[in-house]
Amino acid sequence: MGDRSLLRVALCLTLHTSWMLSAATSGVPRAVDIVLPCMHVLMEDAGGRGGLGGMSFSREEVTLLIRNVTVTGEGGELDPITDYQPSKDTKTTIFQATVTSSPLPFADRLLHADCEGLDISCELSPLSPSGLLYITHIRLPEFSITMVTRTEPTNGMEEDPIGQDHLLSDKSIISMTVDLCLSSSTPSQLTPLSLDVSLNCELSGDPEGVQAEWHLQKEGKGERLFPEEGSRVTMEPGALSGRGDASLTIRAVRVQDEGTYICAVTLGEHRVHQILQLQVREPPRVTIIQTEGPELTLTCSSDCYYPLDVEFSWLLRGEQITHADPVTSSHRRNSDGTYNLSIHLRVPTPPTGALPDTYTCTVSHASLPEPITVTTSVPLPEVSSGALGYIISSLIVLITTAFMFRSRDGVREAREGGR
Ligand SMILES: *[C@@H]1O[C@H](CO)[C@@H](O)[C@H](O)[C@H]1NC(C)=O
Ligand SMILES: *[C@@H]1O[C@H](CO)[C@@H](O)[C@H](O)[C@H]1NC(C)=O
């Protein structure tokens with residue numbers, strides 16, 4: 001834990017500059033180091049160690065140091081500019097990945113993410129049994145990056161073959177270069193129905209000879225998607241011919257489109273992927289109707305919303321109702337996958353001479369930042385409503401008369417003005 005907070009300080013202060021022109025100038029590209037706490041995940045044959053189904057996972061905290069990351073930055077001085085030096089008390093293994101060709105996607109945002117306290121998940125594991133290729137998944141709420149890196153076989157590793165056991169020994173530095181990156185700016189999206197949605201998936205590096213495909217997983221089943229020109233689901237044109245953009249577009253989103261999308265890129269014998277979550281959040285339409293009967297019933301309906309969970313409450317003149325028990329209907333599902341739900345409340349007629357009762361129905365739903373409130377007034381009983389009717393019509397007469405006078409004055413003024 002202490003190591004992690006040290007690391008955060010290190011990341012926020014340690015910026016290495018190789019071609020900086022002026023620290024105070026904004027928009028000037030410069031190369032920096034990015035330091036991230038990461039998890040080294042190893043899946044191995046348990047053998048004698050006894051694991052589940054013969055395989056076991058080991059997880060170990062490591063430090064990921066990404067060197068030569070080009071950022072442009074906006075304003076603000078980047079104060080202490082030094083090379084990243086692993087401190088003496090850094091106990092973790094350092095994986096040092098150098099960006100040599102195409103720039104790292106989302107570099108600026110990644111640089112500031114840790115200082116801003118964003119939730120970063122970083123996992124690193126060997127891609128091939130030889131341990132020459134590593135794969136790193138960096139995931140934040142707003143973007144995700146998968147890097148394939150190649151280790152440099154000679155780097156001070158003594159005779160220890162690069163791969164497994166050295167991790168458990170003393171601190172070591174493993175140097176690698178970044179071969180390619182697959183990234184997404186939409187790792188998890190919420191969308192209302194009927195909108196067009198883009199699931200972003202881009203490859204940087206050498207997209208030559210790359211195959212990209214999409215899979216959708218939901219309710220425990222997976223299917224391959226076949227995006228087609230002119231259909232509802234399309235892929236960026238040129239995705240397979242080396243431009244590196246394999247983004248998927250879904251037109252007029254439906255409830256069925258919700259799920260986990262996998263953008264899988266095959267490069268030779270290697271396969272890397274991005275996992276994207278798409279969730280539908282359709283807000284309810286809320287209405288209240290009053291039904292006359294032996295007693296008056298108020299029905300508050302929440303229609304055409306998704307997903308299922310919704311919360312109602314009734315207020316009388318702004319106060320929670322405790323004396324009456326509202327009855328909730330069962331969910332009704334519409335053909336488009338959305339739901340309807342209503343809640344009924346029987347209300348007493350207010351006594352003669354009282355003020356009309358104002359009832360408010362409040363609906364909370366995952367799609368709503370604030371609950372929706374709808375208010376209705378229960379009409380007064382006949383006698384007083386007759387009286388009220390009289391008052392209202394008198395008011396109307398008064399207002400009309402006043403208005404007529406005013407407009408006649410207005411006409412006169414206009415005539416005088418015209419002369
Ligand atoms: C740093 O990255 C740039 C491209 O982003 C590349 O041209 C340059 O050679 C790299 N430098 C090193 C030392 O790898
Ligand atoms: C749900 O509510 C909408 C709008 O009020 C209505 O058109 C639709 O018929 C209702 N669906 C069901 C299944 O009751």
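Counting starts at 1 for both ligands and their atoms, in listed order.
Under a 4.0 Å criterion applied to the non-hydrogen atoms of N340, ligand 2 contributes the atoms 1 (C), 2 (O), 3 (C), 8 (C), 10 (C), 11 (N), 12 (C), 14 (O). Applying the 4.0 Å criterion to heavy atoms of T70 picks out, from ligand 1, the atoms 5 (O). In the vicinity of V99, heavy-atom distances shorter than 4.0 Å reach the ligand 1 atoms 1 (C), 2 (O), 10 (C), 14 (O).
The heavy-atom pair separating N200 from S185 by the smallest distance is OD1-N, 2.8 Å. Closest non-hydrogen pair, Y305 versus P283, comes out as CB-C, 4.0 Å. Nearest heavy-atom pair across T297 and R346 is OG1-CG, 4.1 Å. Between V363 and C300, the closest heavy-atom pair is CG2-SG, 4.4 Å. Between V41 and P126, the closest heavy-atom pair is O-CD, 3.8 Å.
Taking distance alone, with nitrogen or oxygen atoms compared against 3.5 Å, R333 stays at or beyond that limit from ligand 2. Inclusion of N68 in the set of residues having an N or O under 3.5 Å from an N or O of ligand 1 is warranted.
Judged as a side-chain hydrogen bond (donor to acceptor under 3.5 Å, both in side chains), and not counting sequence neighbours, the contacts of Y306 are E258.
Considering only non-hydrogen protein atoms, atom 4 (C) of ligand 2 sits nearest to D303 OD2, 3.6 Å. The closest protein non-hydrogen atom to atom 11 (N) of ligand 2 is N334 OD1, 2.6 Å. Among all protein heavy atoms, the one lying closest to atom 14 (O) of ligand 2 is R332 NE, 3.1 Å.
Residue pairs satisfying the side-chain hydrogen bond (donor to acceptor under 3.5 Å, both in side chains) criterion with at least one member in residues 274-291, sequence neighbours excluded, are listed as follows: S144-Q274, T146-Q274, T260-Q277, Q290-T376.
Checking atom 7 (O) of ligand 2 against the protein gives no heavy-atom contact under 4.0 Å.
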